[in-house]
Protein chains: 2
Amino acid sequence: MEQAKALNFMDFAASLTDLEGEAKEALASKLHTKQYDKGELILETGTVCNRIYFIDSGLVKTFFYTNTREFIMRFFPEGKMFTVLDSFLTRQPSTYSILTLESTHITYLNHADLEQLCARYHSMETFFRKLLSMAALNMMDRIGNTLEEKAQVAYHRFLKEQGKLLQRISLADLASYLGITQVSLSRIRSL
Amino acid sequence: MEQAKALNFMDFAASLTDLEGEAKEALASKLHTKQYDKGELILETGTVCNRIYFIDSGLVKTFFYTNTREFIMRFFPEGKMFTVLDSFLTRQPSTYSILTLESTHITYLNHADLEQLCARYHSMETFFRKLLSMAALNMMDRIGNTLEEKAQVAYHRFLKEQGKLLQRISLADLASYLGITQVSLSRIRSL
DNA sequence: TAGTCTTTTTATCATTTGATAAATGAGGGG
DNA sequence: CCCCTCATTTATCAAATGATAAAAAGACTA
């Protein structure tokens, strides 16, 4: 169920479901693109997330703040789809923000358009269902890991599973992804 | 998006989507029921989870082991649907087990039947999509909380949000849900 | 009621992590 | 090449949690 390496939104969709010609055209006609510089906010806390994004190139993080610290839900590099799922589904203001960690080019689809496409084309609903399945699986994994692991184990797991990303994110960001402080991560790395 | 209080599988499905008569009949014809005593395993680690469950009455936990401890993913009381999502979707052996904490009556649907229903009826696909949405939202919530919270805060949040359940589960189970030891939980409660 | 088993609490000590501050390192612009 | 800024590491101390053992409290049965 790992998402295939897709170059763009349409390929990605096709890798999940066979979209018949008509659905495919309808989907393509609803897509938009946008370019962000490094360090730009794609979505800000308190805003409803109206879009589902595909990353053509670049890297983003989804995160939230508490009183004292920042916590990162996930990183998304090129070839992945993402959104702030709770806000996107419930239409409520998001507690998460999205920030680009690199110059990033995205393709997106609006919530209303997706709903309409799902209502009209069974195959689009299948696509969306599989997308949600992947999202749910990823999150389930993350819960299990977060519950189970000491920071040290979590760090090494990250190295193994997403080591490539380490070249592209700061240690501060990795720490807040792991749920620890940057100082604590530095300590772990030195062992 | 909170699941409405449903008395049975069919009502639950209807609360999420309008199933047309034919789909409704097809679904109803695929449902099975089963009764478990308290403390019975509904699913054991290493087995593929082939079913999606609705709890007519009772209470279960989904959990996994590490070398040293047990961790609980979630509790599910009557009126809720659940499955071991990763195994159910990927068809791989589950790392989670399901155990009844009370005498429990369930209604279930097999994976193959669900797939078939989804392929045949657009409305069933919508139902499944919404089900996955709810599951994903719940898990997202849990990640955020797990990342963010100190055990003490997590305990009080649980009291507030699911306090009723506390009457029905052991403190040991609550501890492993919160990701701490039972001794640690006892300490927190005494503050 | 006494006895037994389970659950919960208390106590002690070692380990992990957070908070804070300071030192070191790396990169960029004058 | 020097200065500035930002990222990372190191050091110190306090707080939270885990591991272990033992005591206390409850639940159930004979």
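From a predicted model like this one, the values you see are computed outputs, not experimental measurements. Within every chain, numbering begins at 1; the chains are lettered A, B, ... in the order of the sequence lines, protein sequences first and strands thereafter.
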Expressed in angstrom and rounded to an integer, what is the separation of B:L178 atom CG from D:dG18 atom P? 11 Å

Separation of A:L191 atom CG from D:dT9 atom P, in whole Å? 12 Å

Measuring only between side-chain heavy atoms, which start at C-beta, is B:T107 closer than 4.5 Å to B:I55? no

Determine which pairs satisfy side-chain hydrogen bond (donor to acceptor under 3.5 Å, both in side chains) with at least one residue from residues 35-46 of chain A, sequence neighbours left out, and list them in order. A:Q35-A:S103, A:T45-A:S97

How far apart are the C-alpha atoms of B:E149 and B:R142, what are their side-chain angles, what is the distance that settles it, and do they pass the salt bridge (charged side-chain N to carboxylate O under 4.0 Å, His left out) test? CA-CA 10 Å; B:E149 292 170 345; B:R142 187 133 163 70; over 6 Å; no

Starting at the 5' end of nucleotides 6-22 of chain C, put B wherever the base has a protein heavy atom under 4.0 Å, S where only the sugar-phosphate does, and a dash everywhere else. --BBBBB----BBBB--

Between B:F76, B:F12, B:Y108, which is the residue that forms a ring pair (Phe, Tyr, Trp, His ring centres under 6.0 Å) with B:F54? B:F12

Tell me who clusters with A:I169, hydrophobic residues only, linked when side chains sit under 4.5 Å apart either directly or through other members. A:L41, A:L59, A:F63, A:Y65, A:I72, A:F75, A:L99, A:L101, A:Y155, A:F158, A:L159, A:L165, A:L166, A:L171, A:L174, A:Y177, A:L178, A:I180, A:L185, A:I188

